[in-house]
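Only one structure is covered here, and it is reproduced in the block below.
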There are 2 protein chains.
Amino acid sequence: MTKGNVLIVHGGAPTAVINASLYGAVTEAKCHPEVDKIYGAIGGSGGVLREEFIDLKHVEEDKLKLLLHTPASAIGTSRDHLEPEDYKAMAQILKRYNIKYVLFNGGNGSMDACGKLYKACDDYGVQVNVVGIPKTIDNDISVTDHAPGFGSAARYIAATVSEVSQDVKSLPIHVCIIEAMGRNAGWLTAASALARTKAGDGPDLIYLPEHPFDEEQFLEDVKALYEKKGGVVVVASEGLKNKQGEPIVAPVFKVGRSVYYGDVSAHLANLVIQRLGIKARSEKPGICGRASSAFQSEIDRDEAIIAGAEAAKAAFEGKTGVMVGFERLPGKEYKCKTKLIPIEEVMLHERILPDKYINERGNDVTDEFVEWCRPLIGSPLKEFISFK
Amino acid sequence: MTKGNVLIVHGGAPTAVINASLYGAVTEAKCHPEVDKIYGAIGGSGGVLREEFIDLKHVEEDKLKLLLHTPASAIGTSRDHLEPEDYKAMAQILKRYNIKYVLFNGGNGSMDACGKLYKACDDYGVQVNVVGIPKTIDNDISVTDHAPGFGSAARYIAATVSEVSQDVKSLPIHVCIIEAMGRNAGWLTAASALARTKAGDGPDLIYLPEHPFDEEQFLEDVKALYEKKGGVVVVASEGLKNKQGEPIVAPVFKVGRSVYYGDVSAHLANLVIQRLGIKARSEKPGICGRASSAFQSEIDRDEAIIAGAEAAKAAFEGKTGVMVGFERLPGKEYKCKTKLIPIEEVMLHERILPDKYINERGNDVTDEFVEWCRPLIGSPLKEFISFK
């Protein structure tokens, strides 16, 4: 491999294990004496442009190990919108800092940036290997079986819905609507089904952004369940849309290019109270879910470390313009191998939940989804007891 | 002690450790051969009136131990409104079932019921010892230093705010408003201060229901912090009120006696966007907090077990019309002893956060509060790392 420096950049929203990938990448890079500095960009791609770098090579191992359970991004991240000239500037900065290897960790938007940086380096004749590390709680990155970050967020929503379902079962006086993240892709909302360990366990209803939401059918389903069980637990995606493809909550207001919508969960709870006269409340853990260290899935964390390390290895081996992906091996036991995917195959391609994972009525997932998802959330959830 | 049966009743909203008190009470009762049956009322006081009892005496120990980490109420609970004739009916049911010891676990409302049942038994000449076990996430029960359930809910909000603060620090693009439970008492909102381990850590602002909320001052505080740090983390009580003592969010609608308010967190986020033009979002973990098994405080769980066991002991020793409470002993190291409090001293007396625990500007707690609260949340929170 060529002698030179490494740069790791984080993009987009953090996850519970993005720092575990950072740990994997840094640890792998430290094994190569040809690597002089292992830079982290402070604050994402903006940090690259501002030339805010920290050298992680000599951080003590016990401090570095804190990355394994630290949520969010220890080097910061950003949602900067980059223009073509920004990529040109970045390529020049890389050259100036003798950076030969760039590891770009992020979701769809960041993989787009990763691909564009790769292209820019090529265009301007800057010799840099650019490799993507996938990361998303939404699990909407294409081609890979799943992406680091999803398993932990899935474990969070499954465990949390399991706990809230215990609460609602013990005090069955209301309909409880829990909002899950994922505006276009329902993977995380769907993962709440993993809360169930026996028949009758919550969640009772799951509404996904991929299936047109029908208010009347929703009220019918809730009413029937309330009359049967008392307490009802509903998990709804923050991005539910009606038959016309419009968000079911109207925009509250707009600031510049940003549109702000009301909360789906609060909207649905209000609907239940007003239309059915049944007590309802909403819970919206939101960021608490993607930042949860307590609910890290150990499988997810281990795969995040591997993704970081494999990306570094690939870059050192001369690969560029690729992203590390996961491929599930056939067989009963869960096993995955990594693969390298050409970056243009994943750039901005959003992968939504396929039809086979959604039940016919559109108010639950299929067993096939549960089987696909189960290994990703890690060890079984805690067993609870109820005498009711 | 008199030969007879025991009845345990749960009232009001569950906590993460109410089942630990149940474990303590059942375990203590099992030590006394004079106790024939150890009934749990299925579904709270309504369960008593419906005579829905389960005998917990012969539940295998390994199943019983699941109570120690199972959130919510394993025997159910209720928010039934009881009339004088209900207490009379209860007294008669107790007599019929040869129940000589009633342990009533709950918050202010349940202690009121506990006191009224004690009075009714006395009035109708039914020989029953009635003892209260305190329980509340809101920590609003009088006379006792604190009540089981609070420590775990406090640990949840502190740990969650610590995690969310990591997220906001790493992607400082918005003001994040986290809503804490406790409509009249701000103990839980205040406990979010325990998220801080060093200067600059979130939460940045804490708004309590005891202090009149001033919108203009809030916007001023948020703006100043946003300009300084970028991301801002605010914790706000669900029950914030203005100078006139009215909720800062208008009622959305009324059904019978119930009034439904909008979410304080969403309201404040909207305010920040509309008035300051700064991106903002709201998180409302709600029930996720009181039902969290992962964030049980070990001190809280142990004290919950003790409260259950001590209540049983007191009843067996002939005490009645009392509630078990905690008294903090002087000294540097945290130590508590239990005491018995006459039930009329706690019946429906709501204890709010005293002024000494709120800072002058009303946007934070004092160090004195933090010192008081710290031992209750149990072992130190996880240490995180950031290179930013």
Side-chain angles (χ1 to χ4, degrees), chain A residues 10 13-14 19 40 42-43 54 56 63 66-67 69-79 159-160 163-164 166-171 173 176 178 252-253 255 258 260 262-263 266 270 273-274 277 279 281-288 290-295 382-388, chain B residues 13-14 19 40 42-43 54 56 63 66-67 69-79 159-160 163-164 166-173 176 178 252-253 255 258 260 262-263 266 270 273-274 277 279 281-288 290-295 382-388:
Chain A
H10 288 177
N19 287 327
I42 297 296
I54 178 175
L56 298 163
K63 276 204 170 174
L66 292 176
L67 288 173
H69 71 256
T70 296
S73 167
I75 53 174
T77 174
S78 67
R79 273 193 175 136
T160 298
E163 292 177 335
V164 171
Q166 283 289 125
D167 189 290
V168 172
K169 184 181 178 184
S170 77
L171 185 61
I173 57 169
C176 178
I178 303 167
V252 182
F253 34 67
V255 182
S258 306
Y260 293 88
D263 297 330
N270 289 353
I273 300 168
Q274 289 178 308
K279 203 173 167 176
R281 54 169 292 140
S282 61
E283 329 297 327
K284 185 196 168 201
I287 290 183
C288 311
R290 77 176 184 216
S292 172
S293 175
F295 288 112
K382 278 188 189 174
E383 187 191 347
F384 296 141
I385 190 164
S386 173
F387 299 110
K388 272 194 83 181
Chain B
N19 287 326
I42 296 295
I54 179 177
L56 298 163
K63 276 202 170 176
L66 292 177
L67 287 174
H69 70 258
T70 297
S73 167
I75 54 173
T77 175
S78 68
R79 272 191 176 140
T160 298
E163 293 178 335
V164 170
Q166 284 289 124
D167 189 291
V168 172
K169 183 182 179 182
S170 76
L171 185 61
I173 57 170
C176 179
I178 304 168
V252 182
F253 32 68
V255 183
S258 307
Y260 293 87
D263 296 331
N270 290 353
I273 300 168
Q274 290 179 308
K279 202 171 168 177
R281 53 169 294 140
S282 62
E283 329 297 325
K284 185 196 167 200
I287 290 182
C288 312
R290 77 176 186 217
S292 171
S293 176
F295 287 111
K382 278 187 189 175
E383 189 192 345
F384 297 142
I385 191 164
S386 173
F387 300 109
K388 274 195 82 179

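This is a predicted model, so every value here is computed, not measured. Chain letters run A, B, ... following the sequence lines, proteins first and then strands; every chain starts at 1.
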Contact summary for A:His69 and B:Lys382, nearest pair of heavy atoms:
CD2-CD, 3.9 Å
Between A:Phe387 and B:Ile75, the two heavy atoms sitting closest are CD1-CG2, 4.0 Å
For A:Glu283, all residues meeting side-chain hydrogen bond (donor to acceptor under 3.5 Å, both in side chains), sequence neighbours excluded
A:Arg281
In terms of heavy-atom pairs under 4.5 Å with chain A, the winner among B:Asp263, B:Val168, B:Ile178, B:Leu67 is B:Leu67
Side chain, backbone, both or neither of B:Ile385 within contact of chain A (heavy atoms, under 4.5 Å):
both
Looking at B:Lys388 and A:Gly76, what are the two nearest heavy atoms and their distance?
CD-CA, 3.6 Å
Between B:Leu56 and chain A, with a heavy-atom cut-off of 4.5 Å, which part of the residue counts as in contact: side chain, backbone, both or neither?
side chain
Flag, side chain of B:Gln166 to backbone of A:Ala291, donor-acceptor distance under 3.5 Å:
no
Heavy atoms only: give me the nearest B:Ala294-A:Glu163 pair and the separation to one decimal.
N-OE2, 3.7 Å
When the ring planes of B:Phe295 and A:Phe295 are compared, do they come out parallel, tilted or perpendicular, using 30° and 60° as the limits?
perpendicular
If I measure from the heavy atoms of chain A, does B:Asn19 come under 4.5 Å with its side chain, its backbone, both, or neither?
neither
Once rounded to the nearest 0.5 Å, what's the spacing between atom NZ of B:Lys169 and atom OG1 of A:Thr77?
14.5 Å
Contact class of A:Ile54 relative to chain B, heavy atoms under 4.5 angstrom
side chain
Closest heavy-atom pair and its distance - B:Arg290, A:Leu171:
NH2-CD2, 4.3 Å
Using the test side-chain hydrogen bond (donor to acceptor under 3.5 Å, both in side chains), find all partners of B:Ser282 that sit at least two apart in sequence or belong to another chain.
A:Lys284
Go through B:Leu66, B:Val164, B:Ile287 and name the one with the most non-hydrogen pairs under 4.5 angstrom from chain A.
B:Ile287
I'd like to know which of B:Ala72, B:Ala159, B:Ser170 tops the heavy-atom pair count under 4.5 Å against chain A.
B:Ser170
Do A:Thr160 side-chain atoms and B:Cys288 backbone N/O form a donor-acceptor pair below 3.5 Å?
no
